[in-house]
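What follows is one structure encoded as structure tokens, with my remarks underneath.
Lettering of chains follows the sequences in order, A, B, ..., and the numbering in each one begins at 1.
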2 protein chains.
Amino acid sequence: MGSVKESITKKKIFEFCIREFARAGYANVSIRNISKGAGISIGAIYYYFSSKEQIGQFLYDKTTEIILNKIRLGIKKAPNDKEALRSIIYNLFDMSEKEPHLMEFILYVKHKEFLPDAPPICSSKPFEFIKNFIKEKIESGVFRDMDIVIASALIMGPVIRIIQLRMDNILNNDIRLYTESLLNGIVKSLFKEQ
Amino acid sequence: MGSVKESITKKKIFEFCIREFARAGYANVSIRNISKGAGISIGAIYYYFSSKEQIGQFLYDKTTEIILNKIRLGIKKAPNDKEALRSIIYNLFDMSEKEPHLMEFILYVKHKEFLPDAPPICSSKPFEFIKNFIKEKIESGVFRDMDIVIASALIMGPVIRIIQLRMDNILNNDIRLYTESLLNGIVKSLFKEQ
DNA sequence: TTTTTTAAAATGAACGCTCGTTTTTATTTC
DNA sequence: GAAATAAAAACGAGCGTTCATTTTAAAAAA
């Protein structure tokens, strides 16, 4: 475990599966597809993963971890509340542009298919982290006093919507360019003073 | 065609499939599942549908039509712009409460799985209709001047987000109760005057 | 009114195929 | 020489679909 070979083979599986699970759906990607597409043998797949479900689990853990780290770092570095909000939006957009498959995997794939007992994606670590950020801003009086659910929907709803439009090829230009105007709209609906 | 028997059997298929496709995903619902779950034989299914894909097509057509009619009627009846916006939000919430499976089918099921050449769901008839409504309000100066994509995301994003939270059992009370406060937030981010 | 005919509707066993997984044997890599 | 990978075959289960057959219900004929 932890050898160079492991990381190479696992990476091949990761990169092929994240793309194909997002495109075709978990159930429509077979082990034979993975073997052929990732350029490795079926034996090698089962050498590292005990089942197809475990591949899904692995992908889920990796992707949520990557996103969480990026969001957390962005908020940490932000000098004020509005910049923190901007960093959430920008980082999600940035990730959608740089690693679209990863974002598609998180937002499109029904992970209950391979993780029957996992919480819904909106309760995964990155989204919970953002929710806590919002909660704090309401309690400290930065945002208008409102239900956390509403605040969360007003922020994440439009962001996710834009990302999905991009993933569906409705938007053909870099969505990072929308950060500013989307932030403006969100700020208007949330902040006490403007 | 069009007989009483047809409508009964097709209805059984419709009701079982809309629920199961939404819950488990199209690929994970087999013809045998449908046969057993809907209480009809495999032969009866193939008597009315030439393939499994056609069941998906049928469900897609029916559901988008139902939603479109509801949204269109709501906007038509609204006395002013804000009420029209409220009707969009309320009707989508109302439908999520009254016919959750229908809404889940529209928002969760990857319909590319059975409709390979169909446009993404955000370009389906009901969503296109709402988009045109928004476009008109921007052009007539009711909404602030902004990219239609942004306006669309600021409206539909939070609405869909709330619906998804409800479908994921994160929200346990009637989401129609959120109509007013969500409308308030959206209005703040969109309307010129308030 | 009873019998016959018709066609729609429903049945479920069977077909060919793919699935996830395991096993086997052999080779490559560190 | 131990760990990693390859290639191929085999497993039973389940897949979408087909089809010869039966049931049902109503129309036509007697």
- Message: On DNA chain C, does the nearest nucleotide to Ala27(A) precede the nearest nucleotide to Gly43(A) from the 5' side, or the other way round? Give the residue.
- Response: Ala27(A)
- Item | Rounded interatomic separation in angstrom, taking CD1 from Ile42(A) and C1' from dC19(C) | 11 Å
- Message: Can you tell me which nucleotide in dG20(C), dT17(D), dG16(D) comes closest to the side chain of Ser30(B)?
- Response: dG16(D)
- Task: Would you mind telling me which of dT11(C), dC19(C), dT21(C) lies closest to the side-chain atoms of Ile40(B)?
- Result: dT11(C)
- Between the side chains of Asn28(B) and Glu113(A), is a donor N or O closer than 3.5 angstrom to an acceptor N or O? yes
- Message: Using a heavy-atom cut-off of 4.0 Å across all strands, would you classify Ala44(B) as base, sugar-phosphate, or nothing?
- Response: base
- Note on the structure: Assert: residue with more 5' nearest nucleotide on DNA chain C, out of Ser50(A) and Asn33(A), is Asn33(A)
- N/O donor-acceptor pair, side chain Arg32(A) with base dG20(C), under 3.5 angstrom: yes
- Note on the structure: Rounded to whole Å, NZ of Lys12(A) lies from C1' of dA6(D) at a distance of 12 Å
- Note on the structure: Looking only at dG16(D), dT5(D), dA10(C), the nucleotide nearest the Ser41(A) side chain is dT5(D)
- Message: It should be established whether Tyr48(B) places a side-chain nitrogen or oxygen under 4.0 Å from OP1 or OP2 of nucleotide dA8(C).
- Response: no
- Whole Å only: how far is the CD1 atom of Ile45(A) from the P atom of dA4(D)? 16 Å
- Spacing between Asn28(A) atom CG and dC15(D) atom P, to the nearest angstrom: 13 Å
- Using only side-chain N and O atoms of Thr9(B), determine if any of them is under 4.0 Å from OP1 or OP2 of dA10(C). yes
- Query: Does the side chain of Ser30(B) come under 3.5 Å of the side chain of Asn33(B) through a donor N or O and an acceptor N or O?
  - Reply: yes
- NZ or CZ of Lys52(B) within 45° of Tyr26(B) ring axis and under 6.0 Å: yes
- Proximal nucleotide (of dT22(C), dA4(D), dC15(D)) relative to the Tyr46(A) side chain: dT22(C)
- Among the nucleotides dA8(C), dA10(C), dA7(D), which one has an atom lying closest to any side-chain atom of Tyr47(B)? dA8(C)
- Lys52(A), nearest nucleotide to its side chain (from dT22(C), dG20(C), dT17(D)): dG20(C)
- Message: Please determine whether salt bridge (Lys or Arg N to Asp or Glu O under 4.0 Å) holds for the pair Glu20(A) and Arg23(A), giving the CA-CA distance in whole Å, both sets of side-chain angles, and the decisive distance to 0.1 Å.
- Response: CA-CA 5 Å; Glu20(A) 281 302 291; Arg23(A) 192 190 60 81; 2.8 Å; yes
- Task: Tell me whether the centres of the aromatic rings in Phe93(A) and Tyr178(A) are closer together than 6.0 Å.
- Result: no
- What is the nucleic acid contact for Ser35(B), judged by heavy atoms within less than 4.0 Å: base, sugar-phosphate only, or nothing? nothing
